[in-house]
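Along the sequence shown, residues carry numbers from 1. Indexing begins at 1, ligand by ligand and atom by atom, following the structure's order.
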Amino acid sequence: MRRAVFTVFLALLAFAGTARADDFPSRPITIVVPFSAGGPSDAMARIMAEHMQRTLGQTIAIENVTGAGGSLGVGRVVRAPADGYTVGFGHLGTNVCNGAIYNLGYDLVTDLAPVVLLPSNPMIIVSKNAIPARTLTELLAWLKAKPTPPTAGTAGAGSGSHIAGLYFETITGIKLQYVPYRGTAPALNDLVAGQIDIIVDQTSNSIGQVRAGTIRAYAVTAGRRVESAADIPTTDEAGLPGFHMTLWSGLWVPKDTPNDVIVRLNGAAVEALNDPAVQKKLGGLGLDLPPKDQLSPEALGAWQKAEIAKWRPMIKAAKVKID
Ligand code: ASP
């Protein structure tokens, strides 16, 4: 009996220990990226993790849990222990739009706790080089004239590239044939190889290939040009006025994660975002830092809710079929 009581006492001590933030982190942390390695989410997560692990004094591993527009990776985080050692990387698609597309079996707001808002970037309309167009107007004419629906690479239903494609269809009246991948890294490989016609991609993913001349860029979906790619016009300038879309990202942990653990993770992420070397890497990818007054966990929670109100009606109206 005594022994049993003692064992329970020890277990309670251990539990109290894991929940205390002054011990956190005492072992490696995993950031779950719900898209493939080498893609834009993966790239941002790795830049952040590299700095955060120095602040936290523990290794941060990246695990790519891909498929179903990122909903499998987010599900993994929802089901993980609420101790701060499993952190989910997500974005407008995975943590806002997927709730209107998939029967997730979890709630994106109540089953997760927000940690920090991460950089955002506009989308960029890119095509394979074999398409003879040089301007957005010429591209639209070519796509419209094509006897079969043009193919558009995406990272699956509900991903950023898919939502941008739906928006593109709505605004241009052009019907696209989506080709889903486990991330836009493999989609981009196929665009370079000429296997698909276009991607409405995250700028940070395509920009390197655009610079290398292996694919062609027509416009960025923003009201102003991207600093690191100033020769690419905006959609307003190029002939699709009002086609604006910003894809932002963030970090979440399972609900019930102790608040002081969230505060530690948030602090490490904010420190990374304030580091000039990190800022340079992010800027080189065409990413914009979140406003300084939007870096608290609460700010991400409020922003996510506002984006749910804005995007889900459009996604529902598009009657997305899950591929
Ligand atoms: N962010 C995704 C990726 O990293 C792509 C997407 O959402 O379109 O592959």
(message) Any nitrogen or oxygen of S161, side chain or backbone, less than 3.5 Å from one on ligand 1?
(response) yes

(request) State the atoms of ligand 1, each with its element, that fall below the 4.0 Å cut-off from a heavy-atom position in H91. (result) 1 (N), 6 (C), 7 (O)

(message) Does this structure show an ion pair linking E63 with R76, if we count only N-O contacts that are shorter than 4.0 Å?
(response) yes

(message) Within the 4.0 Å heavy-atom shell around P40, which atoms of ligand 1 are there?
(response) 1 (N), 3 (C), 4 (O), 9 (O)

(message) Let's go through T203 and N121 carefully: what are the C-alpha distance in whole Å and the side-chain angles of both, what is the deciding distance for side chain to side chain donor-acceptor pair (under 3.5 Å) to 0.1 Å, and is it a yes or a no?
(response) CA-CA 6 Å; T203 301; N121 61 172; 4.6 Å; no

(message) Can you give me the closest heavy-atom contact between R27 and D83, atom names plus distance?
(response) NH2-OD2, 3.2 Å

(message) Show the atoms of ligand 1 that are less than 4.0 angstrom away from any heavy atom in G183.
(response) 9 (O)

(request) Using a strict cut-off of 4.0 Å, indicate which atoms of ligand 1 neighbour a heavy atom of G160. (result) 6 (C), 7 (O), 8 (O)

(message) Suppose I only count heavy atoms of A155 and a 4.0 Å limit; which atoms of ligand 1 are within that range?
(response) 5 (C), 6 (C), 8 (O)

(request) Salt-bridge test for D275 and K281: reply yes if a basic N is under 4.0 Å from a carboxylate O, no otherwise. (result) no

(message) Using a 4.0 Å cutoff against the non-hydrogen atoms of S159, which atoms of ligand 1 qualify?
(response) 6 (C), 7 (O), 8 (O)

(request) Identify whether the distance between the nearest side-chain nitrogen and carboxylate oxygen of E307 and R312 falls below 4.0 Å. (result) no

(request) For atom 5 (C) of ligand 1, find the nearest protein heavy atom and state the residue, atom name and distance (0.1 Å precision). (result) T184 OG1, 3.2 Å

(request) Carefully, step by step, assess I124 and I232 under the rule side-chain contact (heavy atoms from CB on, under 4.5 Å). (result) CA-CA 9 Å; I124 188 167; I232 304 169; 3.8 Å; yes

